[in-house]
**Student:** 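Let me give you the structure first, and then I'll get to my questions.
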Amino acid sequence: MRFSQLLIPTLKEDPSEAEVVSHKLLLRAGYIRKLTSGSYTYLPMGLAAIRKVEQIVREEMNRAGAQELLMPMVQPADLWQESGRWQEYGKELIRLKDRHNRAFCLGPTHEEVITDLIRKNIHSYRQLPINLYQIQTKYRDEARPRFGLMRGREFIMKDGYSFDATDQGAEETYEKMKYAYHRIFSRCGLTFRAVDADSGSIGGSFSHEFMVLADTGEDTIVVCKSCSYAANMEKAICQKGNAPQDIALKEVERIETPGKRKVKVVCDFLQIKPSELVKTLVYIVKDEAIAVLLRGDHGVEDIKLANLLGVSDEDMRLADDKELFDATGTPSGYLGPMGLKIRVVADQEIGNMRNFTVGANEKNFHLQGVNMGRDFTPTLSGDIRKVTAEDRCVACGGKLELTKGIEVGHIFKLGTKYSEALKATFLDDQGDEIPFIMGCYGIGVSRVVAAAIEQHHDKDGIKLPVAIAPVQALVLNLSPKDEEISKAAQDIYGQLQRSHIEVILDDRDERPGIKFKDADLIGIPFRITVGKSFSKEGMIEVRRRTDGETVSIPLADTVATVMDLINKAGAELA
RNA sequence: CGGGGCGUAGCGCAGCCUGGUUAGCGCGCCUGCCUUGGGAGCAGGAGGCCGGAGGUUCGAAUCCUCUCGCCCCGACCA
């Protein structure tokens with residue numbers, strides 16, 4: 001491929017529409033162009049990078065025993081009605097009608113279609129397990145598409161579905177996929193964590209999200225600095241501390257705190273730390289007001305609270321001041337657990353606190369020297385708060401870190417949710433008809449490219465690892481008008497092509513500076529420069545994009561050197 | 001869906017508040033000269049329904065109304 005013929009529209013300046021670095025660079029380096037909000041054309045360089053990721057995904061999925069197929073993108077509504085998701089899925093499901101006025105949707109995912117396929121074609125346990133996947137454009141009508149390829153309405157996804165005869169088999173399949181995912185993201189050169197995306201309450205955890213660590217990530221995750229423990233904020237377990245043994249309990253003391261309502265203000269006034277105070281929040285849970293006790297410096301994790309109460313977090317919200325007063329008879333800011341008539345849920349940490357401060361349920365008064373058990377007893381107690389960096393790892397006790405992540409993959413043990421809904425059954429070895437046990441496994445292929453750029457770039461542009469860079473090498477002919485230089489550049493280009501190296505020849509009639517800048521921006525891993533030093537000393541320069549490491553070598557050795565460098569760079573990730 | 005911002009040449013922007021010749025600037029593009037190891041220089045040139053519709057006015061990029069699009073924060077989603 002000659003640069004002069006390729007569509008690589010690079011930009012000197014950042015486009016105003018882009019906010020995050022991957023979006024800016026994808027546009028500037030000529031990888032993508034926007035058609036409309038959330039949908040992008042993949043230009044030759046962008047598509048090449050996506051194809052590289054797809055190929056790695058294919059190889060690892062196949063290695064793990066999965067088979068590739070391709071399902072229709074337009075799906076009939078009746079299948080979705082059968083699973084119940086036509087109603088449940090909501091506005092993200094884009095719906096359309098055909099000329100006969102029959103309803104369809106564009107597939108945001110394919111559980112229905114694959115389950116339909118399997119129920120029609122697999123009837124015996126002897127045919128199980130089976131694991132199928134596809135790589136396809138998905139459509140989700142996102143409320144707010146953003147950050148370029150990071151969250152589009154149209155994106156390329158690998159979605160896989162497994163069908164097992166037994167729970168144990170399904171777990172084995174799940175583990176195989178988890179392993180395959182580790183290999184895939186490692187080969188893509190990503191720094192990532194597989195995070196626990198399940199509360200783990202019953203029978204271990206069967207959902208993991210693969211998060212690429214990057215500041216621009218939309219999710220917050222907790223990772224352990226010492227071991228491999230990592231979890232979603234909503235799922236991260238707070239280690240329950242030990243109660244102090246040797247602290248004498250004080251008497252409860254009523255103190256006037258005029259006009260002091262906020263935690264910080266009360267603490268400043270009483271000369272205590274927020275960790276010595278217990279705040280009382282009121283939630284409205286399905287029309288019932290419930291008090292929630294939390295240490296002053298902690299925050300409620302809604303999902304955990306909802307789980308403890310056994311409700312959906314959608315049925316739960318913070319009360320406003322009026323609702324709070326109606327429920328407790330006390331204005332906000334002076335609430336406390338003592339004497340409250342409504343249900344009280346305490347964070348598990350409260351039990352470890354001694355002689356703390358709470359509101360007195362009386363305007364302008366607080367109580368000090370309060371202790372749980374002696375002075376009040378909560379209706380319920382449990383882990384309902386957000387983890388903090390001060391917490392310790394539940395797995396190893398190591399230090400935790402809160403960091404941002406980009407979700408590039410999600411694996412999930414589905415169980416029989418869809419097989420039951422769609423009556424997808426097989427005969428087991430006893431001749432009993434039972435539903436398939438399913439798992440599903442997704443990878444945001446186009447998002448992987450964006451995430452990789454978030455992790456691999458510098459001020460000059462993209463520097464993707466060889467494994468997923470659009471091409472491996474770029475030959476710069478610095479003087480297309482110089483016959484000798486052009487001949488050498490052409491020679492190297494031809495030899496590399498014959499050696500099956502993906503290579504672009506920059507044959508443009510541009511000044512050297514432009515070629516160097518573009519080479520850095522596009523992020524081709526190996527740059528081979530034929531210019532002045534060739535005319536003078538017969539030397540060719542080979543430079544590695546990732547670290548700028550440069551070697552000068554004679555023409556005769558160039559191709560061998562480049563191949564060697566590419567192989568070494570590839571081997572590091574394989 | 002709530003809040004905020006922006007639509008002027010391919011890209012980045014100025015002009016708008018305070019209406020008034022032919023709508024500017026930088027980059028890019030085309031032609032020529034010159035230059036050739038990190039986005040050169042000179043000269044000439046092309047390119048605009050000032051997002052769209054309606055209104056106010058003698059006169060609208062500029063003021064008003066409506067509308068469409070894009071971006072950000074949040075909600076939502078995963």
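The chains referred to below are lettered A, B, ... by the order of the sequence lines, with proteins before strands, and numbering in each begins at 1.
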**Student:** Need one value for A:Tyr89: base, sugar-phosphate or nothing, where a base atom within 4.0 Å counts as base even if backbone is also close, heavy atoms only.
**Tutor:** nothing
**Student:** Is the phosphate of B:G37, meaning OP1 or OP2, less than 4.0 Å from a side-chain N or O of A:Ser533?
**Tutor:** no
**Student:** Would the base of B:G38 count as contacting A:Arg527 through its side chain, where contact means a donor and an acceptor less than 3.5 Å apart?
**Tutor:** yes
**Student:** Taking any strand in view, what nucleotide pairs with B:C29 in a Watson-Crick or G-U wobble way, both distances under 3.5 Å?
**Tutor:** B:G45
**Student:** Take atom C1' in B:G10 and the same atom in B:G5, then report the distance between them in whole Å.
**Tutor:** 24 Å
**Student:** Using a 4.0 Å cut-off on heavy atoms, which residues in residues 545-561 of chain A reach RNA chain B? List them by number, or say none.
**Tutor:** none
**Student:** Which value, in whole Å, describes the distance between the P atoms of nucleotides B:U31 and B:G47?
**Tutor:** 16 Å
**Student:** Pick the P atom in B:G44 and in B:C25, then give their distance to the nearest Å.
**Tutor:** 13 Å
**Student:** Given B:U36, B:C72, B:C71, which nucleotide is nearest the side-chain atoms of A:Arg144?
**Tutor:** B:C72
**Student:** Find the distance A:Glu19:CD to B:G4:P and express it as a whole number of Å.
**Tutor:** 18 Å
**Student:** Anything under 30° is parallel, anything over 60° is perpendicular, the rest tilted; go ahead and classify A:Phe436 against A:Phe163.
**Tutor:** perpendicular
**Student:** C1' atom, B:C11 versus B:G48: distance in rounded Å?
**Tutor:** 15 Å
**Student:** Would you check if the side chain of A:Arg33 reaches a backbone N or O of A:Pro9 as a donor-acceptor pair within less than 3.5 Å?
**Tutor:** yes
**Student:** Strictly below 4.0 Å: does A:Lys91 bring a side-chain N or O up to OP1 or OP2 of B:C1?
**Tutor:** no
**Student:** With the side chain of A:Lys34 defined as its heavy atoms from C-beta on, choose the nearest nucleotide among B:C71, B:G38, B:C76.
**Tutor:** B:C71
**Student:** When you measure from the side-chain N and O atoms of A:Arg140 to the phosphate of B:A78, is any distance below 4.0 Å, counting only OP1 and OP2?
**Tutor:** no
**Student:** Can you tell me how far P of B:G37 sits from NZ of A:Lys517, to the nearest Å?
**Tutor:** 15 Å
**Student:** Would you indicate, yes or no, if B:G37 has its OP1 or OP2 atom less than 4.0 angstrom from a side-chain nitrogen or oxygen of A:Lys532?
**Tutor:** yes
**Student:** C1' atom, B:C17 versus B:U62: distance in rounded Å?
**Tutor:** 9 Å
**Student:** Could you tell me how far B:A9 sits from B:C1 if I compare only their C1' atoms? Round to whole Å.
**Tutor:** 36 Å
**Student:** Just say parallel, tilted or perpendicular for the rings of A:Phe210 and A:Phe192, cut-offs at 30° and 60°.
**Tutor:** tilted
**Student:** Quantified in whole Å, what is the P atom distance between nucleotide B:C16 and nucleotide B:U21?
**Tutor:** 13 Å
**Student:** With a non-hydrogen cut-off below 4.0 angstrom, is A:Glu407 in contact with a base, only sugar-phosphate, or nothing?
**Tutor:** base
**Student:** Indicate whether OP1 or OP2 belonging to B:G28 is found under 4.0 Å from a side-chain N or O atom of A:Lys12.
**Tutor:** yes
**Student:** Over how many whole Å does the gap from A:Asp506 atom CG to B:G38 atom P extend?
**Tutor:** 15 Å
**Student:** Given B:C76, B:C72, B:C77, identify the nucleotide with an atom nearest to the side chain of A:Ala143.
**Tutor:** B:C76
**Student:** Tell me the interatomic distance from A:Asp141, atom CG, to B:C76, atom P, rounded to whole angstroms.
**Tutor:** 18 Å
**Student:** Could you state the CG-C1' distance from A:Asp509 to B:C34, rounded to the nearest angstrom?
**Tutor:** 13 Å
**Student:** Which nucleotide, B:A78, B:U36, B:C72, lies nearest any side-chain atom of A:Lys481?
**Tutor:** B:U36
**Student:** Would you say the side-chain atoms of A:Asp383 pair up with the backbone N or O of A:Cys238, donor to acceptor, closer than 3.5 Å?
**Tutor:** yes
**Student:** Roughly, in whole Å, what's the span from CG in A:Asp219 to C1' in B:C77?
**Tutor:** 11 Å
**Student:** Evaluate the side-chain hydrogen bond (donor to acceptor under 3.5 Å, both in side chains) criterion for residues A:Arg95 and A:Tyr89: first the C-alpha distance (whole Å), next the side-chain angles of each, then the deciding distance (0.1 Å), finally the verdict.
**Tutor:** CA-CA 11 Å; A:Arg95 297 151 209 255; A:Tyr89 212 93; over 6 Å; no
**Student:** Return yes if the base of B:C77 and the side-chain atoms of A:Arg151 contain a donor-acceptor N/O pair under 3.5 Å, otherwise no.
**Tutor:** yes
**Student:** Of A:Ala18 and A:Asp460, whose nearest nucleotide on RNA chain B comes first from the 5' end?
**Tutor:** A:Asp460
**Student:** Output the rounded distance in Å from CZ (A:Arg153) to P (B:C70).
**Tutor:** 7 Å
**Student:** Examine B:A40: is either OP1 or OP2 under 4.0 Å from a nitrogen or oxygen in the side chain of A:Arg511? Give yes or no.
**Tutor:** yes
**Student:** Is any side-chain N of the basic residue among A:Lys413 and A:Glu171 closer than 4.0 Å to the acidic one's carboxylate O?
**Tutor:** yes
**Student:** Measure from the side-chain heavy atoms of A:Asp520 and tell me the nearest of B:G39, B:C70, B:G38.
**Tutor:** B:G38
**Student:** Regarding A:Arg317 and A:Glu323, does a basic nitrogen lie under 4.0 Å from an acidic carboxylate oxygen?
**Tutor:** yes
**Student:** With the side chain of A:Arg28 defined as its heavy atoms from C-beta on, choose the nearest nucleotide among B:C76, B:G39, B:G37.
**Tutor:** B:G39
**Student:** Is there a donor and acceptor pair closer than 3.5 Å between the side chain of A:Glu541 and the base of B:G37?
**Tutor:** yes
**Student:** Does A:Lys176, at its NZ atom, have more than 12 non-hydrogen atoms belonging to other residues, nucleotides or ligands within less than 6.0 Å?
**Tutor:** no
**Student:** Please determine, for B:C70, whether a Watson-Crick or G-U wobble partner exists with both distances under 3.5 Å, and give it or none.
**Tutor:** B:G5
**Student:** Can a donor-acceptor pair be found between the side chains of A:His410 and A:Ser207 at a distance below 3.5 Å?
**Tutor:** yes
**Student:** Whom does B:U22 pair with, Watson-Crick or G-U wobble, provided both distances fall under 3.5 Å?
**Tutor:** none
**Student:** If I pick the C1' atom on B:G59 and the same atom on B:C33, what distance separates them, to the nearest angstrom?
**Tutor:** 46 Å
**Student:** Looking at B:G69, I'd like to know if its phosphate oxygens (OP1 or OP2) sit under 4.0 Å from a side-chain N or O belonging to A:Ser37.
**Tutor:** no
**Student:** Listed by chain and number, what are the ring pair (Phe, Tyr, Trp, His ring centres under 6.0 Å) partners of A:Phe526, not counting sequence neighbours?
**Tutor:** none
**Student:** Where along nucleotides 10-15 of chain B does protein come under 4.0 Å, by heavy atom, of base (B) or sugar-phosphate alone (S), with - for untouched nucleotides?
**Tutor:** -BSS--
**Student:** Are A:Lys463 and A:Asp547 within salt-bridge range, i.e. N to O under 4.0 Å?
**Tutor:** no
**Student:** Any sub-3.5 Å donor-acceptor pair from A:Tyr133's side-chain atoms to A:Ser162's backbone N or O?
**Tutor:** no
**Student:** What pair of heavy atoms forms the shortest contact from A:Arg153 to A:Pro145, and how long is it?
**Tutor:** CG-CG, 3.6 Å
**Student:** I need the CD-P distance between A:Glu142 and B:C70, as an integer number of Å.
**Tutor:** 15 Å
**Student:** Paired with B:U56: which nucleotide, if any, by Watson-Crick or G-U wobble criteria at under 3.5 Å for both distances?
**Tutor:** none
**Student:** Could you pick out which residue, A:Thr10 or A:Glu209, lies toward the 5' side of RNA chain B when each is mapped onto its nearest nucleotide?
**Tutor:** A:Thr10
